Amino acid sequence: MKTTPSRRSFLKLAAACTAPAFGSLAFAAPQTKQKFDKVADVIVIGSGFAGLAAALEAKEKGASVMLLEKMPAYGGNSAINGGAFAVAGSPLQEKEGIKDSPELMLQDMIKSGRGLSHVDLLKNIVYGTRPAFDFTVKYGVKYKPFVQHFGGHSVPRIMQTIESTGGITRPLVEAAKKLGVDMHLGCAVTDLVLNDEGRVIGVKVLERHDYRKENSGVPQVYGARKGVVAATGGFSQNVAFRMQQDPTLGPNLESTNHPGATGEVLQNMLAIGALPIQLDQIQLGPWSSPDERGFGLVSQFNTIAGFPKGIMVDKRTGRRFVNELADRKARSDAILKQLDENGKPVYPICFTDSVGVKQAQTLKNGLKYGVIKKFDTLGELADAYGIPKEALIKQVEEFNAYVREGKDKQFDRPLALAIEIKQAPFYAARVWPKVHYCMGGVGITKNAEVLNVRTQKPIPGLYAAGEVTGGTHGASRLGGCAIADGLVTGRVAGDAVVANTPVNLE
């Protein structure tokens with residue numbers, strides 16, 4: 001048997017993830033036959049959108065499934081995700097007469113990816129969104145009765161869960177438990193186990209693991225007859241590793257991710273020769289606020305209200321400086337340029353009116369904690385943030401005229417959901433990007449098989465889905481497509497691993 005290096009030794013040897021080093025690590029000397037503490041047909045690592053979808057899909061197909069989650073609660077980033085799901089051809093679009101198609105969504109995603117997207121993987125996503133949506137509904141996920149328009153999308157296609165926190169993961173976790181998936185919390189994967197032919201046949205773990213203590217827990221070894229699915233998300237909380245991919249993403253930039261998004265399983269896959277793709281493509285969320293930690297409350301306020309139904313201005317001039325519905329990279333790049341003469345951030349202000357906030361479900365708590373502010377007049381808003389009052393009022397008047405005319409003459413923003421900003425009170429928040437999503441990861445086939453860096457062929461027994469994979473989104477992911485990616489590729493992985501020829505591990 002062969003195992004990958006331990007996390008500690010791997011980080012010392014190969015944190016920069018150079019391909020030759022990984023290749024050389026993949027062929028250790030054979031060892032005695034591995035004994036397993038527990039065996040299942042399929043092992044899924046991670047309990048976010050991708051992991052839960054893979055586990056449920058495999059279980060539906062009759063496989064015995066073990067799901068391993070490092071953290072003390074299920075869901076990872078998916079549990080704190082805003083619940084926005086980009087669906088091409090949803091029932092609500094049809095009801096509201098919104099003309100959409102997988103082909104249109106594909107073109108939007110290609111444009112956002114700046115030509116770096118792997119189109120074959122994108123096609124999997126866009127054609128799988130409606131079936132994945134139906135899959136969630138089958139398991140009890142509930143959505144709000146309106147469609148949202150997120151930046152970079154040609155048309156409104158965002159379905160919003162009624163519960164933004166855990167709105168998808170909670171029902172899927174309950175479904176997995178009811179179907180008999182063997183669920184493990186506080187279970188950290190430390191190594192992948194390979195047989196002498198190089199097939200992944202299991203994992204080494206630490207049960208009862210405390211993520212705050214690297215080596216805590218009880219060592220166990222679990223076997224997978226058919227294969228292992230890695231659905232472990234990104235690495236944006238691993239500042240040292242992300243800076244090796246992009247040195248500009250230092251500790252001065254916060255992350256929206258949960259504290260366990262540190263990429264150990266990704267590193268273990270790289271260590272056995274998995275193909276790294278676009279690891280330096282790390283996305284910032286342009287809707288975040290410097291006034292709160294993590295994803296926070298302002299993020300959803302901006303995506304639902306501030307950006308589609310308001311405007312964002314440079315506080316020094318009172319003028320807009322970017323299309324508020326541009327893709328995430330365009331907005332983040334524009335915001336990060338808002339610096340004073342000493343290079344310090346000048347936080348832009350995003351705001352809308354009382355009509356614009358009607359669907360903003362985080363408004364109440366945002367006001368409670370002071371990260372969203374309420375003003376009776378635009379003049380009061382300007383005074384509070386030090387914005388030139390007359391300039392701000394003029395900018396609002398100009399934008400309202402664009403809404404009436406149906407054409408944004410400043411930045412050509414889509415105005416399908418735009419409103420005139422005129423009904424007091426007004427609501428505003430300060431904005432600054434945070435590290436949000438890793439577009440890069442391991443290379444996969446259309447069947448979610450992890451590719452070998454040397455041979456470009458699948459590593460037997462190893463599958464991956466969701467954010468831990470690379471190439472799908474290219475340079476920038478569109479909002480609402482993380483759920484789409486996770487659910488679709490998770491289902492693909494679950495289906496593919498069950499079809500794999502089993503090995504005898506007993």
Side-chain angles (χ1 to χ4, degrees), residues 7 10-22 76-77 109 111-118 121 151-152 232-271 274-290 293-295 299 322 326-339 343-345 431-444 453 464 466-479 481-482 485:
R7 179 184 175 206
F10 176 76
L11 290 176
K12 288 179 179 178
L13 290 170
C17 59
T18 56
F22 299 146
N77 284 330
M109 296 178 77
K111 181 180 178 181
S112 172
R114 308 299 198 274
L116 298 180
S117 304
H118 291 214
L121 299 180
T232 51
F235 54 87
S236 74
Q237 287 286 18
N238 189 333
V239 177
F241 189 69
R242 85 188 189 202
M243 286 183 68
Q244 286 170 335
Q245 320 310 323
D246 185 344
T248 68
L249 302 181
N252 59 309
L253 281 175
E254 280 194 55
S255 170
T256 63
N257 289 195
H258 76 97
T262 44
E264 294 88 353
V265 173
L266 167 66
Q267 292 166 337
N268 279 323
M269 289 192 288
L270 295 175
L275 174 66
I277 293 183
Q278 298 173 352
L279 290 176
D280 62 336
Q281 298 296 330
I282 301 172
Q283 184 180 74
L284 304 182
W287 17 250
S288 302
S289 173
R293 301 297 299 275
F295 194 81
S299 297
V322 70
D327 64 53
R328 289 175 171 178
K329 180 172 175 55
R331 281 179 288 169
S332 292
D333 288 350
I335 294 168
L336 289 173
K337 292 178 182 177
Q338 303 299 300
L339 304 172
K344 294 183 178 181
V431 181
W432 198 253
K434 294 179 183 177
V435 181
H436 181 59
Y437 192 90
C438 299
M439 262 79 65
V442 295
I444 59 170
V453 68
E467 190 180 356
V468 78
T469 67
T472 301
H473 302 285
S476 183
R477 175 179 66 79
L478 287 179
C481 291
D485 187 344

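Keep in mind that what you see is a predicted model, and the values were worked out from it rather than measured.
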Self-check item: Side-chain donor or acceptor of R328 paired with backbone N/O of G285 under 3.5 Å
Solution: no
Quiz item: Would a distance-only check, ignoring hydrogens and angles, find a side-chain to backbone donor-acceptor pair under 3.5 Å from R331 to A326?
Solution: yes
Quiz prompt | Donor-acceptor contact below 3.5 Å, side chain R114 vs main chain S112 | solution = yes
Self-check item: Exam field: side chain N257 to backbone H436, donor-acceptor pair closer than 3.5 Å
Solution: yes
Quiz item: Just by distance, do the side chain of E254 and the backbone of K434 share a donor-acceptor pair under 3.5 Å?
Solution: no
Quiz prompt | Shortest non-hydrogen separation from P433 to L253 and the atoms involved | solution = O-CD2, 4.0 Å
Quiz item: Does a donor on one side chain and an acceptor on the other come within less than 3.5 Å for S476 and Q283?
Solution: yes
Quiz prompt | Where A464 and V442 come nearest, the two heavy atoms and their spacing | solution = CB-CG2, 3.9 Å
Quiz item: What is the minimum heavy-atom distance between W287 and T256, and which atoms define it?
Solution: CZ3-CG2, 4.1 Å
Quiz item: Within a strict 4.5 Å, meaning less than it, do heavy atoms of the P345 and Q338 side chains meet?
Solution: no
Practice problem: Find the distance between CD1 (I335) and CH2 (W432) and round it off to the nearest 0.5 Å. | Solution: 8.0 Å
Quiz item: Below 4.5 Å, heavy atoms only, C-beta onward: do L279 and D246 meet side chain to side chain?
Solution: no
Quiz item: What are the two closest heavy atoms between T469 and G466, and how far apart are they?
Solution: OG1-O, 2.7 Å
Quiz item: Is it true that a side-chain atom of S332 and a backbone atom of L284 form a donor plus acceptor pair closer than 3.5 Å?
Solution: yes
Quiz item: Donor-acceptor pair, R242 side chain versus F235 backbone, under 3.5 Å?
Solution: no
Exercise. Kindly compute the distance separating CE (M439) from CD (E467), expressed to the nearest 0.5 Å.
Key: 9.0 Å
Quiz prompt | Spacing of C438 atom SG and D280 atom CG [to the nearest 0.5 Å] | solution = 11.0 Å
Self-check item: Over all atoms of both residues, closest heavy-atom pair of V453 and P276
Solution: CG2-CD, 3.9 Å
Quiz item: Taking the side chain from S288 and the backbone from P286, do they hold a donor-acceptor pair closer than 3.5 Å?
Solution: no
Quiz item: So which heavy atom on V431 is nearest to which on P290, and how close?
Solution: C-CD, 3.8 Å
Self-check item: T472 OG1 to L121 CG distance, which is reported to the nearest 0.5 Å
Solution: 4.5 Å
Quiz item: Between N77 (side chain) and H258 (backbone), is there a donor-acceptor pair under 3.5 Å?
Solution: yes
Exercise. Could you give me the CA-CA distance, side-chain angles and deciding distance for Q278 and Q245, then say whether side-chain contact (heavy atoms from CB on, under 4.5 Å) is met?
Key: CA-CA 9 Å; Q278 298 173 352; Q245 320 310 323; over 6 Å; no
Exercise. Give, for atom NE2 of H473 and atom CG of D485, the distance between the pair rounded to the nearest 0.5 Å.
Key: 3.5 Å
Quiz prompt | Non-hydrogen side-chain atoms of Q267 and N238 separated by less than 4.5 Å | solution = yes
Quiz item: Can you tell if the side chain of V265 reaches within under 4.5 Å of the side chain of V468, non-hydrogen atoms only?
Solution: no
Self-check item: Distance (rounded to the nearest 0.5 Å) between L116 CG and I277 CD1
Solution: 11.5 Å
